[in-house]
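Here the structure comes first, spelled out in structure tokens, and everything after it is commentary.
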Amino acid sequence: KLRRDDLIDQIVEDVRAFRNGRPQGSLAISAEQGMGKTSLLNDVSRALTAELRDTPIKHTTLTAKVVGNEQVRGFVADLFELDEVPETRTELCAILRELPPRVLVIDDCHHFFVREIGGFSGLDTFFEVVNLTDDVHYWVLTFNKYAWNYINRVRPRKHYFGKVID
């Protein structure tokens with residue numbers, strides 16, 4: 001098992017490798033509730049801010065469900081401080097790809113879906129945005145372990161991420 005400092009160093013090194021040309025800048029972290037995901041992200045954000053003085057670091061937590069395509073586009077538009085919410089995922093990704101690189105640290109990403117018919121549309125949209133922009137921006141995302149396991153049973157998605165830490 002990795003020590004916390006080793007994990008922070010590993011994540012910072014992964015971001016450094018991405019900035020030096022390694023493709024697919026995305027990392028998913030899953031752990032049980034109460035295991036320190038939020039504290040880890042706080043430490044990672046501090047370490048990245050110290051390391052990447054010329055790259056914006058945006059750290060946020062999903063505190064409520066963001067499940068529809070429009071809600072997800074709005075969330076991402078706010079995250080990137082866009083003046084307007086793009087009408088489509090394709091338009092959103094095109095805009096994001098033109099922006100200067102940044103690191104997005106998002107806690108509690110399991111709030112992008114609900115267990116009901118059609119409840120994965122927001123998660124699908126979010127994963128597509130991450131996948132289509134992770135050659136420009138680096139994404140660090142956390143998921144509750146139970147939700148992560150459910151997502152991967154119902155819709156195998158680990159291939160969307162450059163790295164997964166379980």
Side-chain angles (χ1 to χ4, degrees), residues 1-18 22-45 47-48 57-80 88-90 92-93 96-97 102-166:
K1 194 164 190 166
L2 288 171
R3 290 178 337 137
R4 178 184 209 79
D5 289 343
D6 292 339
L7 193 52
I8 294 165
D9 291 344
Q10 180 182 349
I11 294 167
V12 169
E13 181 55 39
D14 199 60
V15 174
R16 198 179 294 132
F18 170 74
R22 197 209 70 231
Q24 203 169 15
S26 54
L27 167 66
I29 301 168
S30 82
E32 293 179 16
Q33 185 174 347
M35 295 301 291
K37 295 182 300 294
T38 300
S39 296
L40 173 66
L41 286 191
N42 290 335
D43 292 344
V44 165
S45 288
L48 289 172
I57 313 292
K58 180 71 176 192
H59 183 165
T60 192
T61 300
L62 277 145
T63 57
K65 294 291 184 185
V66 179
V67 294
N69 294 327
E70 188 173 338
Q71 282 185 310
V72 171
R73 288 193 318 271
F75 171 81
V76 174
D78 287 346
L79 190 64
F80 281 86
T88 66
R89 176 193 48 82
T90 303
L92 174 62
C93 290
L96 298 184
R97 295 184 60 71
R102 63 193 71 195
V103 176
L104 299 310
V105 179
I106 307 173
D107 198 9
D108 291 338
C109 289
H110 48 273
H111 288 302
F112 281 117
F113 84 99
V114 290
R115 288 192 253 188
E116 62 184 36
I117 294 173
F120 280 95
S121 66
L123 183 69
D124 290 341
T125 297
F126 181 69
F127 279 175
E128 289 167 359
V129 168
V130 170
N131 191 311
L132 293 170
T133 63
D134 72 354
D135 60 330
V136 177
H137 308 290
Y138 193 96
W139 301 81
V140 181
L141 313 172
T142 67
F143 296 83
N144 172 290
K145 181 75 153 183
Y146 298 110
W148 178 254
N149 290 340
Y150 178 76
I151 291 165
N152 283 289
R153 271 195 309 277
V154 175
R155 286 190 149 98
R157 297 282 188 198
K158 288 187 182 183
H159 64 276
Y160 270 88
F161 300 99
K163 185 175 209 148
V164 176
I165 299 173
D166 286 307

Between Arg73 and Val129, is the side chain to side chain contact (heavy atoms under 4.5 Å, CB included) condition met? List the steps. CA-CA 9 Å; Arg73 288 193 318 271; Val129 168; over 6 Å; no

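- For the pair Asn69/Ser121, a side-chain contact is recorded, criterion being any heavy-atom separation below 4.5 Å from C-beta on.
- Between atom NE2 of residue His110 and atom CZ of residue Phe112 there is a gap of 11.0 Å, rounded to the nearest 0.5 Å.
- Proximity of Thr60 to Phe75: side-chain heavy atoms (C-beta onward) are separated by under 4.5 Å at one or more points.
- Rounded to the nearest 0.5 angstrom, Arg89 CZ and Leu132 CG are separated by 5.5 Å.
- Annotation: Gln33, atom CD; neighbour count of heavy atoms from other residues, nucleotides and ligands within 6.0 Å does not exceed 12.
- Between Ala47 and Val12, the shortest heavy-atom contact is CB-CG2, 3.8 Å.
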Could you go step by step and tell me if Ile106 and Leu79 meet the side chain to side chain contact (heavy atoms under 4.5 Å, CB included) rule? CA-CA 10 Å; Ile106 307 173; Leu79 190 64; 3.7 Å; yes

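- The line from CD of Gln24 to CG of Asp134 is 5.0 Å long, rounded to the nearest 0.5 Å.
- The two residues Leu141 and Phe161 make their nearest non-hydrogen contact at CD1-CE2, 3.5 Å.
- Between Asn152 and Phe143 there is no side-chain heavy-atom pair separated by less than 4.5 Å.
- When all heavy atoms of Cys109 and Leu123 are compared, the closest pair comes out as O-CD1, 4.4 Å.
- Side chains of Ile29 and Val140 form a contact here, defined as non-hydrogen atoms less than 4.5 Å apart.
- Remark: Leu48 CG to Arg102 CZ distance equals 15.0 Å, nearest 0.5 Å.
- For the pair Lys145 and Met35, the minimum side-chain heavy-atom distance is 4.5 Å or more.
- Between the CG atom in Leu41 and the CG atom in Asp43 there is a gap of 9.0 Å [rounded to 0.5 Å].
- By the 30° and 60° cut-offs, the orientation of the rings of Phe126 relative to Trp139 is perpendicular.
- The shortest heavy-atom contact between Val72 and Gly122 is CG2-O, 3.4 Å.
- In this structure, the side chains of Leu92 and Phe80 stay at 4.5 Å or more apart for every pair of heavy atoms.
- Note: Asp14 CG to Lys163 NZ = 4.5 Å, rounded to the nearest 0.5 Å.
- Figure legend: Lys65 and Phe113 shown as a cation-pi pair, the cationic atom lying under 6.0 angstrom from the six-membered ring centre and within 45 degrees of its axis.
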Could you go through the salt bridge (Lys or Arg N to Asp or Glu O under 4.0 Å) check for Lys37 and Asp108 one step at a time? CA-CA 9 Å; Lys37 295 182 300 294; Asp108 291 338; 5.3 Å; no

Mind running side chain to side chain contact (heavy atoms under 4.5 Å, CB included) on Leu96 and Val136 for me, showing each step along the way? CA-CA 8 Å; Leu96 298 184; Val136 177; over 6 Å; no

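- Under the 4.5 Å side-chain criterion, counting only non-hydrogen atoms from C-beta, Val66 is not in contact with His111.
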